[in-house]
Enquirer: 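Can you read through this structure? Questions will come right after.
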Amino acid sequence: MSARPVPTPRPPSQPRTGSGNRAPVGGTTPLAGEGISPARFPLLSALTAPEDLRGLAQEELSALAGEIRAFLIDKVCATGGHLGPNLGVVELSIALHRVFDSPRDTVLFDIGHQGYVHKLLTDRARGFDRLRQAGGLSGYLSREESPHDVIENSHASTVLSYADGLAKARHLSGEADRNVVAVVGDGALTGGMSWEALNNLGGSPDRPLVIVLNDNTRSYAPTVGALADHLQHLRSTTPDRDQGSPGLHSPHAAGGSAPPGPMTAARNLFRLLGFAYLGPVDGHHLPSLEEALTRARDLRRPVVVHAVTVKGRGYAPAEADTEDCMHAVGVLDPATGQPARAGGGRSWTSVFAGELCELGERHEQIVAITAAMPGPTGLARFAERFPHRFFDVGIAEQHAVTSAAGLALGGFHPVVAVYATFLGRAFDQVLMDVALHRLPVTFVLDRAGVTGPDGPSHHGMWDLTLLGTVPGMRVGVPRDAARLRELLGEAVAHTAGPTALRFPKAAVADDIHAVKREGPVDVLHCSGTRDVLVVAVGPLAQPAVEAARSLDGQGTGVTVADPRWVLPVPAELIELAATHRLVVTVEDNTRAGGVGTAVARAVADAGSRTPVRVLGLPGRFLAHGTRADILAAAGLTAQGIAYSVLRARADLPAHEGRQ
């Protein structure tokens, strides 16, 4: 084959210095939709299974890649979703399904948001009309949707460990003819689990496995650290040409047994770890990809195929987006790449971003840490203003937390901003490396509670349960923008131990002013009689106050209290609870643990006989849908809260659908 230059991933203009679901909502098929227009997408509409790809000529495959990109731009701009990552893996996904026989061969993606093309090639195109909508197609891989989806992978850096276990299972079961292929992004390769898996995989030459390194130089943000430097070295090094085709390492050289000189071998980390290495290969040139994947499959040992791709390939607005190549988008005008409708007001993330910069101006000891997500977590603005006090550690939450502990030991106050769903990845470090040492580290948890279209892996509904078990941890939950600024200031001023703040993926509602403050507790509504105390956690204060007004009109006196610092439970809140006949707690965390459980325990420990009814999210994985609909289904609206209060007042059990 003719040599092809390896594409150069678009570099950022300047480094920022300064995801599957179980049963869909409603039980409807996730493949309902209008289908594909044969007139506009003749090749794509004719595909019914991956094996159909093997009958297409190269020119037809190139045309199919163009159809897939056009289809993705149309559909993802209409619904929102992960656009840039999927535009970058069109040819790679086609090549994988031409060389390997899915589902007999297992193809795994890290992470599943780059699986849209895989969905199209496995007969799910008609589901894209309702992508990430209730009852529709998941934005990640989903075992419920297809036998081609083996894992519901939407937390990064896990796929190599899945692949290691599957390769062991195939070896033990004598299924040597069933291949295991793991597609991992260079960003995901920065995670610690990836390196734990590589250590095991490279040390087992008798277990065949193909790792496809999808190298586009970024996750959300540009990939950082020594790994990024090494991959850049591999991309810029002339491939070995002593045997085989130009542009690819030959099987002889790739096997590592006889490299063309010790310096070349020493410069390739994957070879040193025991892998055969093929590449770098143009990730948008199908013949090169197919040759590399075929040779990797036939080597029958652990192999790394280094494919260089361009995130957002083929869509000018994505290619021009230097921040994240339109990684995740809302509803857009596909012609311009601009939002199709006006935004819904200030986001919690933007309020946090602005206030952290204000605090950074006043307190030089404040530093900020992100795990590869400076933009989504609101730290990009801090990074621009204080580049020497900002640290992006890659997709490495465990390292982020313990590195923060080290910074705190050195006299700084780290602010670690992560999604709430990712906190669990670093729980041991929060517990043993920060809390045990009573270090002043502040955790800011974005996307807490119900996140909506990203589904069960991204709902941040366990963080209050986890943090409630950490000795010395103070957890604040703001109800509005004013309280977020207030609590963040109090958190970075706290020196006796760790603190955490959480807020949702949503627009910030108007400020809710307190009637009075008792210690840290704000009283937001107070009736003439003290029948019920509603303890409202953060943004659920607004529906709680609305419910209280409704209950007032029905003859039930309600006090609404926002603890602000919800864990540990303030003594003032327990004293207030003792003066009421019933306590009802309201939170967007699972009912198993969290604030409600802590309040019930504290009330009982104080010797009070006041009953406590806990309202929250059910203890199961929740499918994707809108935040409003999911909260309503859990009874966490004004109407639902009032209904639950009346049932509790009548000594009736909680509604069975909301457990």
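Treat the numbers as computed from the prediction; the structure is a model and nothing was measured.
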Enquirer: Salt bridge check: are Arg132 and Asp454 linked by an N-O gap of less than 4.0 Å?
Expert: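 Asp454 and Arg132: salt-bridged.
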Enquirer: Can you tell me how far the CD1 atom of Ile211 sits from the CG atom of Asp110, to the nearest 0.5 Å?
Expert: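 Between atom CD1 of Ile211 and atom CG of Asp110 there are 11.0 Å.
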Enquirer: What do you reckon, are the aromatic ring centroids of Phe422 and His458 less than 6.0 Å apart?
Expert: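 Yes: the rings meet the under 6.0 Å criterion.
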Enquirer: To the nearest 0.5 Å, how far apart are CG in Asp446 and CH2 in Trp348?
Expert: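 Going from CG on Asp446 over to CH2 on Trp348, the span is 11.0 Å.
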Enquirer: Could you tell me if His155 and Thr421 have a donor-acceptor pair between their side chains, going purely by distance under 3.5 Å?
Expert: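 There is such a pair between these side chains.
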Enquirer: Would you say the ring centroid of Phe390 lies under 6.0 angstrom from that of Phe386?
Expert: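 Not under 6.0 Å, so no.
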Enquirer: Do Ser288 and Asp282 pair up side chain to side chain, a donor and an acceptor below 3.5 Å, judged on atom types alone?
Expert: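 No donor-acceptor contact under 3.5 Å links the two side chains.
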Enquirer: What distance separates Ser102 OG from Leu96 CG, expressed to the nearest 0.5 Å?
Expert: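 Between atom OG of Ser102 and atom CG of Leu96 there are 9.5 Å.
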Enquirer: Donor-acceptor pair, Arg218 side chain versus Glu323 backbone, under 3.5 Å?
Expert: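 Indeed, once roles are kept as given, a pair shorter than 3.5 Å links the two residues.
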Enquirer: Would you mind reporting whether Met193 and Gln398 have side-chain heavy atoms less than 4.5 Å apart?
Expert: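 A side-chain contact under 4.5 Å is absent here.
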Enquirer: Mark yes or no for whether Thr190, through its side chain, and Gly187, through its backbone, hold a donor-acceptor pair below 3.5 Å.
Expert: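 Checked: pair present.
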Enquirer: Looking at Gly314, is its backbone amide N or carbonyl O close enough to the side chain of Glu319 to form a donor-acceptor pair, meaning the two atoms are under 3.5 Å apart?
Expert: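 Judged by distance alone, yes, a pair lies under 3.5 Å.
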Enquirer: Does the His230 side chain pair with the main chain of Leu269, one donor and one acceptor, at a distance under 3.5 Å?
Expert: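 Between the backbone of Leu269 and the side chain of His230 there is a qualifying donor-acceptor contact (under 3.5 Å).
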Enquirer: Please report the closest heavy-atom contact between Leu293 and Val212, naming both atoms and the distance.
Expert: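 Here Leu293 and Val212 meet closest at CD2-CG2, 3.8 Å.
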Enquirer: I would like to know whether Val76 and Asn86 meet side chain to side chain contact (heavy atoms under 4.5 Å, CB included); could you show each step before the answer?
Expert: CA-CA 10 Å; Val76 179; Asn86 289 286; over 6 Å; no
Enquirer: Identify whether the distance between the nearest side-chain nitrogen and carboxylate oxygen of Arg124 and Asp149 falls below 4.0 Å.
Expert: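 Counted as a salt bridge, because a side-chain N and a carboxylate O are separated by less than 4.0 Å.
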Enquirer: Looking at every non-hydrogen atom in both residues, tell me the closest pair between Ser138 and Leu131 and how far apart they are.
Expert: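 Of all heavy-atom pairs spanning Ser138 and Leu131, the closest is O-CD1, 3.6 Å.
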Enquirer: A side-chain contact here means heavy atoms from C-beta on lying under 4.5 Å apart; do His233 and Asp229 qualify?
Expert: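 In short, these two side chains do not touch, never coming nearer than 4.5 Å.
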Enquirer: Is there a donor-acceptor pair under 3.5 Å between the side chain of Arg69 and the backbone N or O of Ile73?
Expert: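 Flag not set: sc Arg69 to bb Ile73 has no pair under 3.5 Å.
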Enquirer: Would you check if the side chain of His82 reaches a backbone N or O of Ala328 as a donor-acceptor pair within less than 3.5 Å?
Expert: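 No, His82 side chain to Ala328 backbone: no donor-acceptor pair under 3.5 Å.
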Enquirer: Which is it for Val99 and Arg297 under the side chain to side chain contact (heavy atoms under 4.5 Å, CB included) test, yes or no, and what are the steps along the way?
Expert: CA-CA 8 Å; Val99 173; Arg297 180 194 64 195; 3.7 Å; yes
Enquirer: Hey, is the main chain of Leu47 close enough, under 3.5 Å, to the side chain of Asp52 for a donor-acceptor pair?
Expert: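 Here the side-chain-to-backbone pair does not exist.
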Enquirer: Would you indicate whether the side-chain heavy atoms of Lys311 and Pro85 approach each other to under 4.5 Å?
Expert: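 A side-chain contact exists here, since the closest heavy-atom pair is under 4.5 Å.
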Enquirer: Quick one: does Phe270's side chain get under 4.5 Å of Leu213's, heavy atoms only?
Expert: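 With C-beta onward as the side chain, the pair touches.
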Enquirer: Heavy atoms, side chains only, cut-off 4.5 Å: are Arg40 and Asp74 in contact?
Expert: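 Yes - at least one pair of side-chain heavy atoms lies under 4.5 Å apart.
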Enquirer: Give a yes or no on whether a salt bridge exists between Arg313 and Glu91, defined as a side-chain N under 4.0 angstrom from a carboxylate O.
Expert: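 Not counted as a salt bridge, because no side-chain N and carboxylate O are separated by less than 4.0 Å.
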Enquirer: Please identify which of these residues, Val180, Thr294, Val181, meets the side-chain contact (heavy atoms from CB on, under 4.5 Å) condition with Phe100.
Expert: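 Of all the options given, the one that passes is Val181.
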Enquirer: Tyr116 vs Phe128 aromatic rings, parallel, tilted or perpendicular, using cut-offs 30° and 60°?
Expert: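 The rings of Tyr116 and Phe128 stand perpendicular, inter-plane angle above 60°.
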Enquirer: Nearest heavy-atom pair of Gln114 and Gly185: which atoms, and what distance?
Expert: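 In this case the closest contact between Gln114 and Gly185 is NE2-N, 4.4 Å.
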Enquirer: Check whether Ser457 reaches the backbone of Glu152 with its side chain - one donor and one acceptor, N or O, closer than 3.5 Å.
Expert: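 Judged by distance alone, no pair lies under 3.5 Å.
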Enquirer: I need the Thr237 OG1 to Gln232 CD distance, nearest 0.5 Å.
Expert: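 Thr237 atom OG1 to Gln232 atom CD measures 9.0 Å (nearest 0.5 Å).
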Enquirer: Quick one, Leu278 and Arg295 - any side-chain contact, counting heavy atoms below 4.5 Å?
Expert: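 The answer is yes; the side chains approach within 4.5 Å.
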Enquirer: Main chain of Val393, side chain of His399: is a donor-acceptor contact present, judged purely on distance under 3.5 Å?
Expert: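 Answer holds: no.
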Enquirer: Using every non-hydrogen atom in the two residues, find where His148 and Pro103 come nearest and quote the distance to one decimal.
Expert: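 Heavy atoms of His148 and Pro103 come nearest at CE1-CD, 3.3 Å.
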Enquirer: Just wondering, do Leu189 and Leu198 contact through their side chains at under 4.5 Å, heavy atoms?
Expert: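 Yes, close enough: below the 4.5 Å cut-off.
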Enquirer: Quick one: do His97 and Thr122 satisfy side chain to side chain contact (heavy atoms under 4.5 Å, CB included)? Show the steps, please.
Expert: CA-CA 9 Å; His97 279 295; Thr122 53; 4.1 Å; yes
Enquirer: Under a 3.5 Å cutoff, is there a donor and acceptor pairing between the side chains of Arg271 and Tyr277?
Expert: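 Looking only at side-chain atoms, Tyr277 and Arg271 do not form any donor-acceptor pair under 3.5 Å.
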Enquirer: If you take all heavy atoms of Thr336 and Tyr315, which pair is closest and at what distance?
Expert: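 Answer, listing the atom of Thr336 first, then Tyr315: C-OH, 4.4 Å.
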Enquirer: Rounded to the nearest 0.5 Å, how far apart are NZ of Lys119 and CZ of Phe109?
Expert: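 Result: 10.5 Å between the selected atoms.
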Enquirer: Is Leu445 close to Val418 at the side-chain level, that is, under 4.5 Å between some pair of heavy atoms?
Expert: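 Side chain of Val418 against side chain of Leu445, heavy atoms only: contact under 4.5 Å found.
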Enquirer: Under a 3.5 Å distance rule, please check whether Glu67 uses its side chain to pair with a backbone N or O of Leu44 as donor and acceptor.
Expert: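 Yes, because the side chain of Glu67 sits within donor-acceptor range (under 3.5 Å) of the backbone of Leu44.
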Enquirer: What's the spacing between Ile395 CD1 and Met373 CE if we round to 0.5 Å?
Expert: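 Rounded to the nearest 0.5 Å, the CD1-CE separation comes to 8.0 Å.
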Enquirer: Testing Thr217, Asp186, Asp215, Asn214 one by one against Thr309 for a side chain to side chain donor-acceptor pair (under 3.5 Å), which residue passes?
Expert: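 That would be Asn214; it is the only one of Thr217, Asp186, Asp215, Asn214 passing the side chain to side chain donor-acceptor pair (under 3.5 Å) with Thr309.
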Enquirer: If you take all heavy atoms of Ala307 and Gly283, which pair is closest and at what distance?
Expert: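 Distance-wise, the nearest heavy atoms are CB-CA, 4.3 Å.
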Enquirer: Under the criterion side chain to side chain contact (heavy atoms under 4.5 Å, CB included), I'd like the reasoning laid out for His118 against Val183: C-alpha separation, chi angles, the key distance, then a yes or no.
Expert: CA-CA 12 Å; His118 164 79; Val183 182; over 6 Å; no
